[in-house]
Amino acid sequence: MITPKTIVEAIGTAILVFTIQVSDSDLAPLAIGAVLISIIFAGGPVSGSHYNPAISLAVALRGSMSFQEMASYMIAQVVGGIAGGLCGGVVSSSFSVVGMGEDVSLLQALLAEVIFTFVLCFVVLSVATNPKVEDNHYYGLAIGLVVMSGAITAGPISGGAFNPAVALGLSIASAFSNLGYGIMVTAANLLGGVAAAGCFRIVVPSNEEVDTVGETTPLNRA
């Protein structure tokens, strides 16, 4: 279903994947993290700024969105990822795909994807759905810094997707190049999202009621 939320998800994911596609320097993780922070703050008031099917899955399992809406988000994100990959390839005259690093086993690469997607989704749930930090103004920074850190540390190992829309979008935009690995990365990312949601439900039960002055209620109401 096309709604303002899904349009924002498609646009934001397209911007993210476009940035990944055209980034070809040692500063690429900084550029990717910075643009992600920006589009999170831009789209947050409309869609929640997921831009990642693994995040949407984790949020749905958390109980913060319906699975029907989750599916529409995922479709929009993958479509946006493909569009961003195509535009980035045209602009940069080259098409990149997510791939493993040299001397890295498939197990190492997929495990890196699971772990960092877990970290990313857990951080998203903690800063964007936890009632103790409702209406905070740092959620975009926290999420963007996780992706930046993952790109720097795990990028050389797994390709640093942490996002099925990135893995599939780049592969499809590159004429389905390395699609098999992209599908495996997608599965690893979704597994990381499921694990994050499970851990978060243990740490912060969904029925927990919180009323913390300065975090969930304005100071002038205390």
Side-chain angles (χ1 to χ4, degrees), residues 8-9 11-59 62 64 73 77 80-81 84 88 96 98 101 109-167 169-170 185 188-197 199-200 203-204 214-215:
V8 167
E9 286 295 310
I11 292 173
T13 310
I15 293 171
L16 173 62
V17 178
F18 173 85
T19 304
I20 294 171
Q21 185 76 280
V22 300
S23 298
D24 186 23
S25 73
D26 292 338
L27 297 179
L30 299 180
I32 295 166
V35 79
L36 180 58
I37 290 170
S38 300
I39 58 177
I40 285 174
F41 283 125
V46 179
S47 70
S49 298
H50 296 184
Y51 310 138
N52 184 334
I55 290 175
S56 295
L57 176 59
V59 171
R62 163 78 170 97
S64 297
Y73 268 46
Q77 291 154 1
S96 303
V98 175
L110 295 180
L111 185 58
E113 286 290 324
V114 171
I115 291 172
F116 256 101
T117 307
F118 167 85
V119 175
L120 172 59
C121 292
F122 190 81
V123 168
V124 170
L125 294 175
S126 297
V127 301
T129 72
N130 189 341
K132 289 185 177 180
V133 294
E134 185 178 2
D135 297 326
N136 71 77
H137 299 290
Y138 55 77
Y139 66 97
L141 289 171
I143 297 166
L145 288 173
V146 170
V147 172
M148 185 185 302
S149 300
I152 293 171
T153 57
I157 299 172
S158 67
F162 323 130
N163 183 339
V166 171
L170 290 176
V185 167
N189 297 155
L190 295 176
L191 178 59
V194 171
C199 288
F200 186 80
V203 175
V204 183
E215 293 179 341

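This chain uses plain numbering: 1 for the first residue, then up along the sequence.
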How close do N189 and A54 get, counting heavy atoms only, and between which atoms? O-CB, 3.5 Å
Kindly give the heavy-atom pair with the smallest separation between A151 and P29, and that separation in Å. CB-CB, 3.8 Å
Once you round to the nearest 0.5 Å, how far does CZ of F116 lie from OG of S149? 6.5 Å
So how far is it from I32 CD1 to I20 CD1, rounded to the nearest 0.5 Å? 5.0 Å
Is there a side-chain contact between P164 and V185 in this structure, where contact means two heavy atoms from C-beta onward sitting under 4.5 Å apart? no
Let me confirm one number: the CD1-CG distance from I157 to L111, rounded to the nearest 0.5 Å. 9.5 Å
Do C121 and F200 come close enough that some side-chain heavy atom pair is under 4.5 Å? no
H50 backbone acceptor or donor facing E9 side chain under 3.5 Å: yes
To the nearest 0.5 angstrom, please state how far the CG atom of L120 sits from the CG atom of L145. 11.5 Å
If you compare all heavy atoms of V98 against all heavy atoms of G159, which two are closest, and at what distance to 0.1 Å? CG1-CA, 4.0 Å
S126 versus N130, closest heavy-atom pair with distance: O-CB, 3.1 Å
Would you mind reporting whether V146 and F162 have side-chain heavy atoms less than 4.5 Å apart? no
A side-chain contact here means heavy atoms from C-beta on lying under 4.5 Å apart; do I15 and Y51 qualify? no
Mind checking whether M148 and L30 have side chains closer than 4.5 Å, heavy atoms only? yes
V147 side chain reached by L16 side chain, heavy atoms, under 4.5 Å: no
Contact check, side chains of I143 and I37, non-hydrogen atoms, under 4.5 Å: no
Test item: side-chain donor near acceptor, E113 and S158, under 3.5 Å: yes
For residues A58 and G193, report the shortest heavy-atom separation together with the two atoms involved. CB-O, 3.6 Å
How many angstroms lie between CG in L110 and CD1 in I115, if you round to the nearest 0.5 Å? 11.0 Å
Report the C-alpha separation of C199 and F118 in whole Å, then their side-chain angles, then the decisive distance to 0.1 Å, and conclude whether the side-chain contact (heavy atoms from CB on, under 4.5 Å) test is met. CA-CA 10 Å; C199 288; F118 167 85; 3.7 Å; yes
Which heavy atom in I40 sits nearest to a heavy atom in G144, and how many Å separate them? CD1-N, 4.5 Å
Could you measure the distance from the CZ atom of R62 to the OG1 atom of T129? Nearest 0.5 Å is fine. 4.0 Å
